[in-house]
Amino acid sequence: MVLLPIIGLIGMAFWHGHISSAEATASQSQPTRSNTAITAPVEKVALTTLPDTIEVTGNISPIVQTDIAPKITARILSLPVHEGSHVTTGEVLAVLDTRDLDASIAQAEAGVLAAQAAYRGAQMAEQMEGKVDNAQIAAAQAQLREAQAALAAAKAKQQLVDTGPRKQERAQAALAVAQAKAQLVLAERDLHRMAELYNEGAISAQQYDTYQSRYEVAKAQYESALQQQSLVNEGSRSEEKQAAAEAVRQAESAVRRAEAGLREAEAAAAKAQVRHEQTQNALATLQQSRVALQLARITRSYAVLRAPFDGVITQKLADVGAMAMPGVPILREEGTQYRLELNVPESALPAVNVGKPLEVQIDALGNRHLFGIVTEIAPQGDPSSHTFIVKVLLPAERDVRTGMFGRVKLPIGAERRLLVPASAVMEREGLHYVYVVDSQNVIHLRLVTLGSAYGKSLEVLSGLNPGERIVADVSSPKLQDGMQIRPTEEGR
């Protein structure tokens, strides 16, 4: 027999002090006769193997939570939400003043238009100068060929004059006339082409004069070839020899000038790379202006703050008219799904694993029980408390709020406990009693100390021993200490 604790003895004495003297006399007399006994259910007390648990606690927090802060400095024009507002993804939460941003966009658009005009101008200049350079190089090459041909003709004429005409020389004179005529025709065509460019404003008057000179030279050479042919046919005189020598010198001079003209035209064409780089710079400026416009429009979009996810506004940190600053929150939003963050001792850590369901008790919800799923276990614990953070995903529950207190019981082993039906326990003035049935089926009131509840059963810490019989249901008001009963059932 386990000795009753001191508090039990005191309670028992206090209880016996409140029963009537008649009841005291009856309790000390013989048991009540069988004809006055009542029927009552009887149950034998036995040890039951139950899992040993540890209670861990934690606070409820949202799965996602964020501060809504602007990226620009502007005055708040409207805040259409308030604390407790349910919002959806993309819903407008705040609108800021955008007058200065609108002006920036207009300025950037004007910059783009100016850069486009500059780029088109650079392109046209590059294309026009490229055409002119090609024409000048072609003309210079043609002039060089003409000068070289004229030089060859002058030398042939000089030789003809010096040696006198021969049959072959007459043929050469005729050929020189044909060549000079061909050069004259080519120079005339170039002059007409340059005249068109000059009329269009593509070349200067000085350049046009150059082609006019070339035409005149070709014409003179043609006339010279005619005279040379006539000279060959007639024979040479001393004056003709001198004239032939002079013609050679002039032809050589013309070749040197034509070579210098070709080098000058090629040098001018080399500047085309510079003009191309200028065009590319204009294009880069245009692209930069477009990026500036895009940036201005993106910055303008920052004036409207939208909900990043479905959730609830939990805090309103600013009002309409206030100046919003970059990075300073004006609203706080949290999602509608919550989790319980438990501080689990290292001894109970083997009882949890990711994906395991746990029964959660939330005090603020009237001890309502929810079933959550373990989603995360912290890989590193607190070295001072030897606890680990375990996160339990809770089911959707409208009444759950951030900061609520939750409990979870985790199994850490098993132990044998003495359980009695809750219906076998009576409570009087804060103390708990059961009716113990002796071998004569007489009931005796006994003080017991209770522990935890397990469904419809209660744990008895002291006051009873395994194998003793008790009344399983003490709801009948006829039950009295010292009464004999007729058991209706026995054993568990």
Side-chain angles (χ1 to χ4, degrees), residues 48-68 81 83-91 93 306-315 329 331-415 417 419 422 451-459:
T48 303
T49 302
L50 295 173
D52 188 15
T53 62
I54 183 175
E55 185 178 80
V56 294
T57 60
N59 295 318
I60 293 177
S61 62
I63 298 295
V64 291
Q65 178 177 310
T66 185
D67 290 334
I68 309 299
V81 295
E83 293 178 352
S85 295
H86 289 263
V87 297
T88 58
T89 303
E91 183 175 341
L93 304 181
R306 301 181 182 274
F309 50 80
D310 294 349
V312 179
I313 301 300
T314 58
Q315 287 188 6
L331 295 169
R332 181 164 295 162
E333 180 189 358
E334 65 180 36
T336 55
Q337 196 167 16
Y338 298 88
R339 65 187 173 197
L340 176 63
E341 296 188 2
L342 299 170
N343 294 307
V344 178
E346 60 183 13
S347 59
L349 200 60
V352 295
N353 51 70
V354 175
K356 181 177 181 179
L358 295 178
E359 185 177 1
V360 179
Q361 177 184 344
I362 301 176
D363 296 349
L365 301 183
N367 293 329
R368 188 186 307 176
H369 291 258
L370 304 175
F371 285 91
I373 302 295
V374 177
T375 59
E376 185 178 344
I377 300 175
Q380 182 176 0
D382 186 350
S384 60
S385 63
H386 299 284
T387 59
F388 290 77
I389 298 296
V390 175
K391 298 179 181 180
V392 180
L393 178 65
L394 299 178
E397 179 65 35
R398 183 174 182 180
D399 296 330
V400 174
R401 295 288 184 271
T402 299
M404 286 185 174
F405 185 75
R407 308 171 187 268
V408 172
K409 290 183 178 180
L410 298 176
I412 57 175
E415 63 179 1
R417 299 176 186 270
L419 299 183
S452 302
Y454 295 90
K456 296 182 178 181
S457 299
L458 299 174
E459 179 187 8

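Note: hydrogens, waters and symmetry copies are ignored here, and every other heavy atom, side chains too, is used. Fair warning: this is a prediction, and the values are worked out from it, not measured in the lab.
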Run the side-chain contact (heavy atoms from CB on, under 4.5 Å) check on Leu410 and Leu358 step by step: do they pass? CA-CA 8 Å; Leu410 298 176; Leu358 295 178; 3.9 Å; yes
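- Listed by chain and residue number, Leu349, Val352, Val354, Val374, Val390 satisfy the side chain to side chain contact (heavy atoms under 4.5 Å, CB included) test with Ile377 (two or more places apart in sequence, or in another chain).
- In this structure, Thr402 and Ser61 approach most closely via the heavy-atom pair CG2-CA, 4.3 Å.
- The shortest distance between side-chain heavy atoms of Leu365 and Met404 falls below 4.5 Å.
- Scanning all heavy atoms of the two residues, the minimum distance from Leu393 to Arg339 falls at CA-CB, 4.2 Å.
- Considering only heavy atoms from C-beta on, Pro345 stays 4.5 Å or farther from His386 through its side chain.
- Note: Phe309 CZ to Gln65 CD = 8.0 Å, rounded to the nearest 0.5 Å.
- When all heavy atoms of Pro411 and Ala351 are compared, the pair lying nearest together is O-CB, 3.2 Å.
- Between the CD atom of Gln315 and the CD atom of Glu334 there is a distance of 9.5 Å, given to the nearest 0.5 Å.
- Across every non-hydrogen atom of Asn59 and Gly403, the tightest pair is OD1-O, 4.2 Å.
- Within the 4.5 Å cutoff, the side chain of Lys409 has no heavy atoms near those of the Glu359 side chain.
- Between Ile60 and Arg401, the closest side-chain pair of non-hydrogen atoms is not below 4.5 Å.
- Nearest heavy atom pair, residue Leu458 against residue Ala453, reads CD2-CB, 3.8 Å.
- Residues Leu419 and Tyr454 come closest through the heavy atom pair CD2-CD1, 3.9 Å.
- No side-chain heavy atom of Phe371 sits less than 4.5 Å from a side-chain heavy atom of Val360.
- At a threshold of 4.5 Å between non-hydrogen side-chain atoms, the residues Val392 and Leu342 count as touching.
- With hydrogens and angles disregarded, a donor-acceptor distance shorter than 3.5 Å links the side chain of Thr89 to the backbone of Asp310.
- At least one side-chain heavy atom of Leu370 sits less than 4.5 Å from a side-chain heavy atom of Val400.
- For Glu459 (side chain) and Ser452 (main-chain N/O), a donor-acceptor pair under 3.5 Å exists by modelled atom type.
- A donor-acceptor pair under 3.5 Å is formed between the side chain of Thr314 and the backbone N or O of Arg332.
- With sequence neighbours left out, Glu346 forms a side chain to side chain donor-acceptor pair (under 3.5 Å) with no residue at all.
- Atom CZ of residue Phe388 and atom CG of residue Asn343 lie 11.5 Å apart, to the nearest 0.5 angstrom.
- Qualifying side chain to side chain contact (heavy atoms under 4.5 Å, CB included) partners for Pro308, counting only residues two or more places apart in sequence or in other chains: Thr66, Ile68, Glu333.
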